[in-house]
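Single-structure report; data block below.
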Amino acid sequence: MRNVYADNNATTRVAPEVVEEMLPYFSELYGNPSSMHYFGGQVEKKLIEAREKVASLLNCDPSEIIFTSCGTESDSTAIQGTVESYPYKKHIITTRVEHPAVLNLCRHLSKNGYKLTELAVDKKGCLDLSELENAIVDNTAIVSIMCANNETGVIFPIEEIGEIVKSKGAVFHCDAVQATGKIPLDMSKCAIDLLSLSGHKLHAPKGIGALYIRKGAKLTPFIIGGHQERGRRAGTENVPYIIGLGKASELAMKHIEDGNTRIKALRDRLEKELLRKCTNTRTNGDTEHRLPNTTNISFEFVEGEAILLMLSQKGIAASSGSACTSGSLEPSHVLRAMGIPFTFVHGSLRLSLSRYNNEEDIDYIIEHLPPIIERLREISPFGKD
Ligand code: PLP
C-alpha cells in the first residue's frame with residue numbers, strides 16, 4: 001500500500017538537509033552560544049547565520065528576528081507583549097477565523113479587562129476592510145490578523161491591512177505560521193509590526209518558531225530572565241533547532257517557486273478531479289487568494305471523521321474541519337464563520353500538499369477518495385433519498 005501524506009498544514013516532514021545540518025549540534029558541537037570560549041563561539045557563529053537565513057526569508061534585518069519555541073509562543077509574545085506595553089489601551093481586534101493560538105488568547109484577554117472585536121468574514125472567508133477601518137479606535141492596542149488561514153488556505157490582503165492599521169496608529173500583528181515559506185513575504189513592503197512563524201510548517205522540527213519584531217516596536221518580553229535574544233526572550237537558545245529553522249528557511253526560499261507552480265498544479269488537478277467525480281461537493285474559501293498547497297472540500301451528507309478513517313486505512317493522511325484540528329467534535333469555527341451549511345461543514349476535508357508530493361500521490365487520492373465518499377453515502381442515514 002502507498003503512503004500519501006497530504007496533511008502538511010498540520011505539520012511537515014523535516015527535510016533531510018535540515019536533519020543533517022542539525023545533527024552535529026546534538027553531539028560534538030554542544031557549547032553554549034553565550035560562553036566566551038571557542039566552544040561557545042563556534043555555536044554562536046552558526047546562530048548568527050541561522051538568524052540571517054530566517055531574516056532573508058522575510059526580507060528584514062536579522063536583529064528583527066527572535067527565536068521562540070513555536071508559533072503559539074510567537075503569537076502570545078506579540079499579543080501579550082503589546083498589550084503590556086500599552087497599558088492604557090484596552091481594545092483588541094482580531095478575526096473570527098484565527099487559529100486558537102490567537103483567538104483563544106484574545107478571548108482570554110477579553111475576560112480580563114479588554115474589549116475584543118472579532119471581525120466577520122464573508123462566505124468565501126474574506127474580510128471587509130471597511131469594517132476593520134471602522135473598528136480601530138484610539139483605544140485599540142493591537143490588530144492581530146493572520147496572513148493565510150490554516151483550514152482553507154485563504155490569504156488576507158496583509159499589505160492593505162497594514163496600511164489601514166498604520167494610518168490609525170495601532171500595532172499590527174500578523175500570524176503568518178501557514179504562509180511562511182509557501183508565499184513570498186516581504187517586511188520592507190508591508191506595514192507589519194510583528195509576525196509569527198513556526199518551524200514545523202516549513203520542514204523544520206516541531207518546537208521552534210520565530211517572531212519578527214519591527215525595529216522600534218514596543219514589546220514587553222513574554223519570558224523574562226537572562227540576556228538572550230537581546231533581552232527579548234530569555235532562556236538558553238535551542239541551538240540545534242534554531243540551526244534547523246535557518247536551513248529550512250534557506251530551502252523554503254529555494255523551493256517557493258516550485259510551490260507556486262508544480263505543487264499548485266498538483267493541488268488544482270486533485271481538486272478538479274474530486275469535484276468532477278463526486279456529486280454534492282464544494283470547495284470552501286476564496287479559490288483566487290489561496291495558499292498554493294491547500295484545498296478544503298466538503299462532501300455533503302458524510303462525516304469528515306469517517307472520511308479520514310477510511311482514507312487512513314488506504315495510507316492517505318488528511319485532516320477534517322472538526323475533531324482532528326480541535327480535539328473535540330465541534331465543527332470548524334472557520335467554516336461556521338463563513339456560513340457554510342451544516343451538512344457541508346460536517347463533511348469537510350482539508351488536503352494540504354508539500355514539495356514531497358508528486359503526481360502519483362495525486363493519482364492515488366483520486367483513485368481512492370471518490371469510492372470512499374460513495375460507500376459512506378450508501379451507509380449514511382442522510383445520504384438516502
Ligand atoms: N497559527 C496558525 C495559523 C497555525 O496553523 C498554527 C498551527 O497549526 C499555529 C498558529 C500554532 O503553531 P505551533 O503549532 O507552532 O504552536
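Both ligands and their constituent atoms are indexed starting at 1 by order of listing.
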Inset, instruction - For the residue pair Y356 and H203, categorise the inter-ring angle as parallel (less than 30°), tilted (30 to 60°) or perpendicular (more than 60°). - result: perpendicular
Legend entry - Ion pair K264/D268, N-O distance below 4.0 Å: yes
Inset, instruction - Answer yes when K247 and E20 have at least one side-chain N-carboxylate O distance shorter than 4.0 Å, and no when they do not. - result: no
Legend entry - Shortest heavy-atom approach to atom 4 (C) of ligand 1 - which of H99, M146, E151, H200: H99
Inset, instruction - Step by step, work out the side-chain contact (heavy atoms from CB on, under 4.5 Å) result for T77 and R233. - result: CA-CA 9 Å; T77 304; R233 199 272 189 183; 5.7 Å; no
Inset, instruction - Could you tell me the residue and atom name of the protein heavy atom closest to atom 1 (N) of ligand 1, and the distance to it rounded to 0.1 Å? - result: D175 OD2, 2.6 Å
Inset, instruction - Find all atoms of ligand 1 within a distance of less than 4.0 Å from any non-hydrogen atom belonging to N150, and give their numbers and elements. - result: 3 (C), 5 (O)
Legend entry - Nearest candidate to atom 16 (O) of ligand 1, where distance is taken over non-hydrogen atoms, out of N149, I208, T72, D75: T72
Legend entry - SB check E118 R107 (cutoff 4.0 Å): yes
Inset, instruction - Return the orientation label for the Y364 and H368 ring planes: parallel under 30°, perpendicular over 60°, tilted otherwise. - result: tilted
Legend entry - ligand 1 to G71 polar contact by distance, N or O atoms, under 3.5 Å: yes
Legend entry - Heavy-atom gap K206 to ligand 1 smaller than 4.0 Å: no
Legend entry - N-O pairing of R269 and D363 below 4.0 Å: yes
Legend entry - Identity and separation of the nearest protein heavy atom to atom 15 (O) of ligand 1: S198 OG, 2.6 Å
Inset, instruction - Using the six-membered ring of Y5, assess whether NZ or CZ of R13 lies under 6.0 Å from its centre and within 45 degrees of the ring axis. - result: no
Inset, instruction - Note the single closest protein heavy atom to atom 7 (C) of ligand 1, along with its residue, its atom name and the distance in Å. - result: K201 NZ, 3.0 Å
Legend entry - Side chain, backbone, both or neither: the part of C70 lying under 4.0 Å from ligand 1 by heavy atom: both
Legend entry - Min N/O separation Q178 to ligand 1 under 3.5 Å: yes
Legend entry - For ligand 1, the portion of E98 having any non-hydrogen atom under 4.0 Å away: neither
